[in-house]
Amino acid sequence: MRTPSRVTLLGSTGSIGTQAIQVIEHLARLAGTTVDAEDAPLKVAALSAGSRSLELLAQQAVLVRAELVATSGTAQDAQRLREYLDAAARSTGISGYSPRIVWGERASVEAAAHPADVVLNGITGSIGLEPTLTALKAGYRVALANKESLIAGGPLVRAAVDASPLETPMVPVDSEHSALAQALTSGTDAEIDRLILTASGGPFRGYTREMLHDVTPRQALAHPTWDMGLVVTTNSATMVNKALEVLEAHHLLGLILTALMLRYTRSRLCIQWFSS
Ligand SMILES: NC(=O)C1=CN([C@@H]2O[C@H](COP(=O)(O)OP(=O)(O)OC[C@H]3O[C@@H](n4cnc5c(N)ncnc54)[C@H](OP(=O)(O)O)[C@@H]3O)[C@@H](O)[C@H]2O)C=CC1
Ligand SMILES: CC(=O)[C@@H](O)[C@H](O)COP(=O)(O)O
């Protein structure tokens with residue numbers, strides 16, 4: 001039997017986190033097994049989230065039998081989480097499952113330090129930086145969706161990546177950066193002419209300044225392509241997301257940005273990146 005990879009999901013109740021669980025379930029099904037089985041290809045070591053979706057967090061933990069479950073909430077939230085865990089275990093007929101619960105502002109840091117092979121960081125905001133650094137310093141591979149880790153602490157993350165014993169300590173999850181990183185695995189640096197970071201333009205693409213006066217939050221959250229969390233969707237509507245992604249690409253791929261060209265194609269706004 002192949003040793004399963006141990007995966008920790010930070011921000012497990014969000015858009016990235018719930019999709020990660022779907023992928024883990026899908027891979028288990030492909031392997032003819034289930035996520036909680038000893039022979040599952042990926043075993044979930046720890047889960048972490050905020051305190052808004054404790055019932056979902058508990059259901060996820062029971063499904064994947066996480067060893068550690070973390071909430072950024074209070075002691076009362078941890079108590080509620082325990083009750084939800086017991087209820088979810090009862091309703092699915094599982095006995096004897098009692099994961100370690102950690103709570104408080106640093107709970108995700110504890111989750112990131114829990115033994116794992118890969119830590120997926122799907123937390124929103126710069127609060128995700130310390131868990132990223134913790135996982136890298138522990139020698140775990142980081143699958144990084146939390147772009148704010150790089151925006152807020154690019155040089156710190158870079159130093160932790162450089163000090164890691166792993167050949168590939170960090171892989172990007174953000175779709176454009178994942179595509180760029182995969183493309184860059186072929187050929188040589190000298191062969192790169194330019195990199196193009198695409199942008200959907202969000203729901204307000206093509207709007208004039210006047211038209212933007214009356215737009216509503218509901219419209220801003222209606223992304224044309226993606227079903228994502230509130231922050232990244234809002235940032236996408238204002239194009240702030242793309243500015244963050246330029247910085248993310250800079251720190252992630254170690255490229256020096258020498259020129260930016262913004263250009264609309266028929267379907268997408270492209271940021272062309274000429275690297276030295
Ligand atoms: N969604 C997507 O398709 C993409 C997302 N990203 C990036 O991935 C990250 C996550 O995005 P997304 O999944 O959309 O966001 P969501 O808002 O859907 O999910 C955020 C997750 O973080 C948790 N969380 C919030 N605060 C804390 C905290 N203090 N400690 C621990 N966990 C916390 C939330 O828990 P709770 O449920 O309790 O609030 C939730 O599980 C962002 O950086 C985003 O820019 C990048 C590319 C694509
Ligand atoms: C799915 C993903 O990775 C997001 O970052 C998405 O690409 C947002 O795109 P826009 O900001 O171009 O709308």
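Quick note: residue numbers are just sequence positions, from 1. All ligand and atom numbering here is 1-based and tracks the order in the structure.
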### Task
Would you mind checking which non-hydrogen protein atom is closest to atom 17 (O) of ligand 1, with the distance to 0.1 Å?
T124 OG1, 3.7 Å

### Query
Just which atoms of ligand 2 are under 4.0 Å from any heavy atom in K147?
5 (O)

### Query
Quick check: does T13 get an N/O under 3.5 Å from an N/O on ligand 1?
yes

### Message
What protein heavy atom lies closest to atom 1 (N) of ligand 1? Include the residue and the distance to one decimal.
### Response
S15 OG, 2.9 Å

### Query
Going by the order shown, which atoms of ligand 2 are within less than 4.0 Å of some heavy atom of K242?
9 (O), 10 (P), 11 (O), 12 (O)

### Message
Under 4.0 Å from a heavy atom of D174: which atoms of ligand 1 are those, numbered in the order shown and with their elements?
### Response
46 (C), 47 (C)

### Message
For atom 26 (N) of ligand 1, what is the closest protein heavy atom, and at what distance to 0.1 Å?
### Response
G50 CA, 4.4 Å

### Query
Hey, looking at atom 10 (C) of ligand 1, which of G122, S12, S149, G229 has the closest heavy atom?
G122

#### Entry: Protein heavy atom at shortest distance from atom 43 (O) of ligand 1
E148 OE1, 2.6 Å

### Task
Identify the protein heavy atom lying closest to atom 31 (C) of ligand 1, giving its residue, its atom name and the separation to 0.1 Å.
S108 OG, 3.2 Å

### Task
Look at atom 38 (O) of ligand 1 and find which of R52, H223, E176, E248 reaches it with the closest heavy atom.
R52

### Task
Please identify which atoms of ligand 2 are closer than 4.0 Å to at least one heavy atom of A199.
12 (O)

### Task
Using a strict 4.0 Å cut-off to heavy atoms of N241, name the atoms of ligand 2 that fall inside it.
5 (O), 8 (C), 9 (O), 10 (P), 11 (O)

